[in-house]
Colleague: 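Before we start, here is the structure in question, set down as structure tokens.
Note that the structure is a prediction, hence the values are computed from the model and not measured. Here is the naming used below: chain letters follow the sequence lines, and residue numbers restart at 1 for every chain.
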Number of protein chains: 2
Amino acid sequence: MSYIEKKVITIGIVSELTGLSERQIRYYEERQLIFPERTAGGTRKYSFSDVEKLVDIANKMEDGLQTFEIRKMEKKKEALESKERNRMIQGQLNAAFYKNNQSQRGNRLR
Amino acid sequence: MSYIEKKVITIGIVSELTGLSERQIRYYEERQLIFPERTAGGTRKYSFSDVEKLVDIANKMEDGLQTFEIRKMEKKKEALESKERNRMIQGQLNAAFYKNNQSQRGNRLR
DNA sequence: CGTGTAAGGAATTCTGACACG
DNA sequence: CGTGTAAGGAATTCTGACACG
């Protein structure tokens with residue numbers, strides 16, 4: 001896993017990095033917009049990726065969006081990405097199948 | 001500045017990431033092997049780069065090196081890098097000077 | 001709905017010191 | 001020299017609640 005995804009930053013630092021209050025950051029978690037991990041003691045840990053997402057959320061909030069709308073946009077984006085992944089896997093399968101077919105045919109010709 | 005250099009990780013997390021005790025991590029700072037930043041309240045903040053350096057230090061300590069030896073190796077490495085930087089800058093200057101000379105000569109020939 | 005705040009408690013971190021080998 | 005540990009205090013974070021609009 002790359003550094004950008006590693007959950008290692010505590011909420012105070014995230015607050016400084018994003019300019020958001022800790023209250024806001026916790027609230028966006030309550031609304032299922034971000035998903036920090038926890039230490040054994042219960043302290044939240046965020047990744048740089050989370051920080052980026054929070055900045056994005058902050059921008060959308062400024063645009064007057066509500067948390068549930070941002071949540072929806074997020075889910076839609078994930079659905080698109082999942083579809084794209086499937087399309088690529090399908091492409092690989094097709095390519096492999098085609099290649100396999102070609103070699104089968106070659107065998108038959110000899 | 002890239003994420004890897006940003007000082008955002010507290011000592012507890014660094015301890016988990018490196019497997020070193022907090023005591024060890026603080027001691028290596030005392031011996032000038034790492035240089036965390038501080039929050040306004042005085043809490044140490046480390047970067048992923050620091051984490052990597054700590055793992056490297058841990059390996060060297062296992063090899064029986066003493067902190068001052070590791071410190072020396074570090075300084076030597078920095079000196080080499082500085083030299084290399086200078087060499088590259090000199091190279092760029094030479095190239096620019098040569099190019100300038102060529103165009104000067106071209107002007108003279110016409 | 002989204003955010004500030006005061007409250008009380010728990011987890012985290014800090015420093016300086018003593019101990020051991 | 002390098003590290004563990006107990007001590008006391010300060011900074012940080014946590015939750016649940018009340019407030020406002």
Side-chain angles (χ1 to χ4, degrees), chain A residues 6-75, chain B residues 6-75:
Chain A
K6 266 205 168 268
K7 311 262 186 178
V8 296
I9 317 177
T10 49
I11 199 167
I13 313 269
V14 172
S15 173
E16 280 186 4
L17 293 177
T18 61
L20 295 169
S21 69
E22 300 186 8
R23 180 67 166 97
Q24 288 174 305
I25 297 169
R26 293 198 193 96
Y27 181 66
Y28 298 152
E29 175 184 0
E30 187 184 320
R31 300 313 308 273
Q32 306 265 49
L33 296 179
I34 42 171
F35 307 92
E37 291 178 0
R38 300 273 186 150
T39 66
T43 301
R44 272 171 266 248
K45 298 184 293 181
Y46 302 85
S47 66
F48 279 113
S49 179
D50 289 328
V51 170
E52 287 184 1
K53 193 173 286 188
L54 280 167
V55 170
D56 185 53
I57 292 170
N59 287 330
K60 284 173 179 158
M61 292 298 288
E62 268 189 32
D63 293 349
L65 293 186
Q66 291 191 293
T67 55
F68 84 93
E69 299 177 288
I70 300 176
R71 174 98 178 85
K72 271 192 186 166
M73 291 175 68
E74 205 52 45
K75 290 196 83 168
Chain B
K6 266 206 170 267
K7 311 263 187 177
V8 297
I9 317 177
T10 50
I11 198 166
I13 313 269
V14 173
S15 174
E16 280 186 6
L17 292 178
T18 61
L20 295 169
S21 69
E22 300 186 8
R23 180 67 166 96
Q24 289 174 304
I25 296 168
R26 292 197 192 98
Y27 180 67
Y28 298 151
E29 174 184 1
E30 185 185 321
R31 301 313 308 271
Q32 306 266 49
L33 297 179
I34 40 169
F35 307 92
E37 292 180 358
R38 300 270 187 153
T39 66
T43 301
R44 272 171 267 251
K45 298 182 294 181
Y46 302 84
S47 65
F48 279 113
S49 179
D50 290 328
V51 170
E52 287 184 2
K53 194 174 286 186
L54 280 168
V55 170
D56 185 54
I57 292 170
N59 286 331
K60 285 174 177 156
M61 292 299 288
E62 268 189 33
D63 293 348
L65 294 186
Q66 291 189 292
T67 56
F68 84 93
E69 299 176 288
I70 300 175
R71 173 99 179 83
K72 270 191 187 168
M73 291 175 69
E74 205 53 44
K75 290 194 82 167

Colleague: Over how many whole Å does the gap from Tyr46(A) atom OH to dT12(D) atom C1' extend?
Modeller: 13 Å
Colleague: Looking at Thr67(A) and Leu33(A), what are the two nearest heavy atoms and their distance?
Modeller: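 It is O-CD2, 3.8 Å.
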Colleague: Counting side-chain heavy atoms from C-beta on, which of dG4(C), dT3(C), dG2(D) comes nearest to Tyr28(A)?
Modeller: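 Per side-chain heavy atoms of Tyr28(A), the pick is dT3(C).
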Colleague: With a 3.5 Å limit on both atom pairs, tell me what dT5(C) is paired to, counting Watson-Crick and G-U wobble, or say none.
Modeller: dA17(D)
Colleague: Please tell me if Arg31(A) has a side-chain N or O lying less than 4.0 Å from either OP1 or OP2 of dG2(C).
Modeller: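 For dG2(C), OP1/OP2 do have a side-chain N/O of Arg31(A) under 4.0 Å.
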Colleague: Send over the distance from Glu69(A) CD to dG2(C) C1', rounded to a whole Å.
Modeller: 13 Å
Colleague: Could you state the interatomic distance from NZ (Lys45(A)) to CD1 (Ile13(A)), rounded to the nearest 0.5 Å?
Modeller: 14.5 Å
Colleague: Report the distance from atom CD of Glu30(B) to atom C1' of dG2(D), rounded to the nearest whole Å.
Modeller: 10 Å
Colleague: State which residue, out of Arg31(B), Glu29(B), Gln24(B), fulfils the side-chain contact (heavy atoms from CB on, under 4.5 Å) condition with Tyr27(B).
Modeller: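 Only one option passes, and that is Arg31(B).
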Colleague: Choosing from dT13(D), dT3(C), dT3(D), which nucleotide comes nearest the side chain of Gln24(A)?
Modeller: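 Ranking dT13(D), dT3(C), dT3(D) by closest atom to the Gln24(A) side chain puts dT3(C) first.
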Colleague: Measure from the side-chain heavy atoms of Tyr27(A) and tell me the nearest of dT3(C), dT13(C), dT15(C).
Modeller: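 From the listed options, dT3(C) comes nearest.
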Colleague: Rounded to whole Å, please give me the gap between CD1 in Ile25(B) and P in dT15(C).
Modeller: 14 Å
Colleague: Please confirm whether the shortest side-chain N or O distance from Arg44(A) to OP1 or OP2 of dT13(D) is below 4.0 Å.
Modeller: no
Colleague: Judged by each residue's nearest nucleotide on DNA chain C, which is more toward the 5′ side, Arg23(B) or Gly41(B)?
Modeller: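 In this pair, the answer is Gly41(B).
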Colleague: Applying a 3.5 Å limit to both distances, which nucleotide forms a Watson-Crick or G-U wobble pair with dA10(D)?
Modeller: dT12(C)
Colleague: Could you please name the option among dC14(C), dG2(C), dG4(C) that lies closest to any side-chain atom of Thr67(A)?
Modeller: dG2(C)
Colleague: Specify the separation, in whole Å, of atom CG of Leu20(B) and atom P of dG2(D).
Modeller: 14 Å
Colleague: Using a 3.5 Å distance criterion without hydrogens, assess whether the side chain of Asp50(B) forms a donor-acceptor pair with backbone atoms of Ser47(B).
Modeller: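 Flag set: sc Asp50(B) to bb Ser47(B) pair under 3.5 Å.
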Colleague: Among dG4(C), dC14(C), dT13(D), which is the nearest nucleotide to the side chain of Ile11(B)?
Modeller: dC14(C)
Colleague: Rounded to the nearest Å, what distance is computed from the CD atom of residue Gln66(A) to the C1' atom of nucleotide dG2(C)?
Modeller: 9 Å
Colleague: dT12(C), dT12(D), dT3(C): which one has an atom nearest the side-chain heavy atoms of Thr39(A)?
Modeller: dT12(C)
Colleague: Taking 4.0 Å as the cut-off, does a side-chain nitrogen or oxygen of Ser21(A) come that near to OP1 or OP2 on dG4(C)?
Modeller: yes
Colleague: Please confirm whether the backbone N or O of Val14(A) pairs with a side-chain atom of Thr18(A), one donor and one acceptor, at under 3.5 Å?
Modeller: yes
Colleague: In whole angstrom, give the distance that lies between atom CD of Glu37(B) and atom P of dC14(C).
Modeller: 14 Å
Colleague: Tell me if a side-chain donor or acceptor on Lys7(A) pairs with a main-chain N or O of Phe35(A) at a distance below 3.5 Å.
Modeller: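 Pair found, side chain donor or acceptor close to backbone of Phe35(A).
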Colleague: If you compare every side-chain N and O of Thr10(B) against the phosphate oxygens of dT13(C) (OP1, OP2), does one of them come in below 4.0 Å?
Modeller: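 Result: yes.
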Colleague: May I have the distance from Ile9(B) (atom CD1) to dT13(C) (atom P), rounded to whole angstrom?
Modeller: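 About 12 Å, once rounded to whole Å.
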Colleague: Nearest-nucleotide wise, let me know which of Leu65(A) and Gly42(A) is further upstream toward the 5' end of DNA chain C.
Modeller: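 Nearest nucleotide further toward 5': that of Leu65(A).
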Colleague: I'd like to know if Arg26(B) reaches the base of dT15(C) with its side chain such that a donor and an acceptor end up less than 3.5 angstrom apart.
Modeller: no
